[in-house]
Amino acid sequence: MAKDAPPRWDRRMQQRLARGEAAALGELYDRFAPLVHSQAHRMLDDESAADLVTREVFGYVWENPDAYDPKQGSMRSWVVRLTHRQSVRRLRAAEPSPFARGEDGSEDGEHGGGEDTAARQELEERVRRATAAARADYIVASMPAPLRAALELAYIQRRDYRQTAADLGVTADEARRRLRLGLQLLSTAGTRPLEGSAPPGYGRTL
């Protein structure tokens with residue numbers, strides 16, 4: 001997965017897109033499409049919806065290159081924010097409206113206010129969980145390789161910190177430090193791994 005590109009590349013890419021260079025869009029797509037699709041799929045849990053969001057994100061970038069502000073961060077970060085925004089819209093649009101009319105023509109919301117409130121709360125909680133999980137994936141992909149390797153050994157291969165140290169060829173103290181820093185980074189996603197489970201960003205529990 002691509003790392004954050006240098007600012008000079010970001011500015012040059014924006015200029016090329018603004019000039020309407022199709023080759024620039026192709027280059028951008030090759031670099032970031034896997035990231036966009038994985039983030040969208042993580043939030044929506046639907047391959048077709050993730051494909052659609054990927055097309056929508058790059059369509060927006062193509063039509064609105066000036067919407068990117070280099071002062072606000074890298075183009076990679078901007079594309080991730082666009083992916084999150086569009087995925088949340090799709091997630092909410094997929095839920096039935098709480099004010100759909102019933103068979104008698106009345107507003108369902110008139111009779112089920114409590115149920116509507118519960119449904120909205122459930123939807124917002126789903127959005128929150130999906131956002132946290134997608135952010136965790138982004139953090140895992142972006143963190144330094146030594147931290148990511150330590151977490152993979154500990155949570156995917158179920159190594160303890162001594163085994164992790166041996167596999168990495170570092171001291172036990174260094175292995176603990178890497179695991180601690182990796183988990184601290186993941187905690188910024190607003191999630192915490194349950195005991196005995198893999199942290200978000202590492203797929204299903206083995």
Side-chain angles (χ1 to χ4, degrees), residues 1-7 9-11 13-14 17-18 24-98 119-144 147-148 151 155 182-194 197-204:
M1 190 172 293
K3 296 181 179 179
D4 279 336
W9 184 92
D10 292 343
R11 290 195 295 270
M13 174 57 66
Q14 182 185 37
L17 290 170
L25 181 64
E27 182 180 334
L28 191 76
Y29 184 90
D30 289 342
R31 183 180 288 254
F32 295 135
L35 172 64
V36 171
H37 191 276
S38 67
Q39 293 284 296
H41 192 278
R42 179 66 157 165
M43 293 192 67
L44 300 170
D45 195 26
D46 183 280
E47 188 73 19
S48 297
D51 289 343
L52 180 58
V53 167
T54 300
R55 292 195 298 270
E56 290 171 339
V57 166
F58 285 98
Y60 179 87
V61 171
W62 175 246
E63 295 175 359
N64 303 275
D66 293 336
Y68 167 62
D69 182 0
K71 295 179 180 179
Q72 300 298 318
S74 68
M75 184 164 283
R76 183 179 194 266
S77 298
W78 179 56
V79 168
V80 167
R81 289 195 297 273
L82 292 176
T83 303
H84 173 263
R85 183 180 69 188
Q86 194 61 26
S87 296
V88 169
R89 287 177 177 171
R90 287 283 167 191
L91 194 59
R92 288 179 171 149
E95 295 297 318
S97 170
R120 284 193 293 268
Q121 290 175 342
E122 182 179 351
L123 173 59
E124 290 308 312
E125 176 61 18
R126 183 182 174 193
V127 169
R128 188 198 67 78
R129 289 196 304 266
T131 297
R135 176 168 170 74
D137 282 348
Y138 178 77
I139 291 170
V140 168
S142 303
M143 69 173 51
L147 303 188
R148 185 167 62 249
L151 286 176
Y155 288 97
L183 290 173
Q184 286 174 347
L185 287 173
L186 278 175
S187 71
T188 65
T191 59
R192 181 184 305 172
L194 298 175
S197 67
Y202 284 97
R204 298 183 183 276

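- Note that CD of Glu27 and CZ of Arg31 are 6.5 Å apart. Values are rounded to the nearest 0.5 Å.
- Two residues are said to be in side-chain contact when any heavy atoms from C-beta on lie closer than 4.5 Å; Tyr29 and Thr54 meet this criterion.
- Taking a 6.0 Å sphere around OH of Tyr60, one finds it holds more than 12 heavy atoms contributed by other residues, nucleotides or ligands.
- Applying the side chain to side chain contact (heavy atoms under 4.5 Å, CB included) test to Ala24 and every residue at least two apart in sequence or in another chain returns Met13, Arg16, Leu17, Glu21.
- Separating the CG atom in Leu82 from the CD atom in Gln39 is a distance of 12.0 Å, to the nearest 0.5 Å.
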Derivation of the side-chain contact (heavy atoms from CB on, under 4.5 Å) call for Leu35 and Val79: CA-CA 9 Å; Leu35 172 64; Val79 168; 5.7 Å; no
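- Once rounded to the nearest 0.5 Å, the distance linking CG of Leu28 with CZ of Arg76 reads 12.0 Å.
- Partners of Glu47 under the side chain to side chain contact (heavy atoms under 4.5 Å, CB included) rule, at least two apart in sequence or in another chain, are His37, His41, Asp51.
- How far OG1 of Thr83 is from CZ of Phe58: 7.0 Å, rounded to the nearest 0.5 Å.
- Remark: side-chain polar atoms of Asp10 are paired, donor with acceptor, to backbone N or O of Met75 under 3.5 angstrom.
- The side chain to side chain contact (heavy atoms under 4.5 Å, CB included) test applied to Glu56 returns Leu52, Val53, Gln86, Arg90, not counting sequence neighbours.
- Side chain of Asp46 to backbone of Ala49: a donor-acceptor contact under 3.5 angstrom is found.
- Using a 4.5 Å heavy-atom threshold, the side chains of Gln121 and Glu125 count as separate.
- Although no hydrogens or angles enter the test, the distance criterion places a donor-acceptor pair under 3.5 Å between the side chain of Tyr68 and the main chain of Gly73.
- Closest non-hydrogen pair, Asp66 versus Ala18, comes out as OD1-CB, 4.2 Å.
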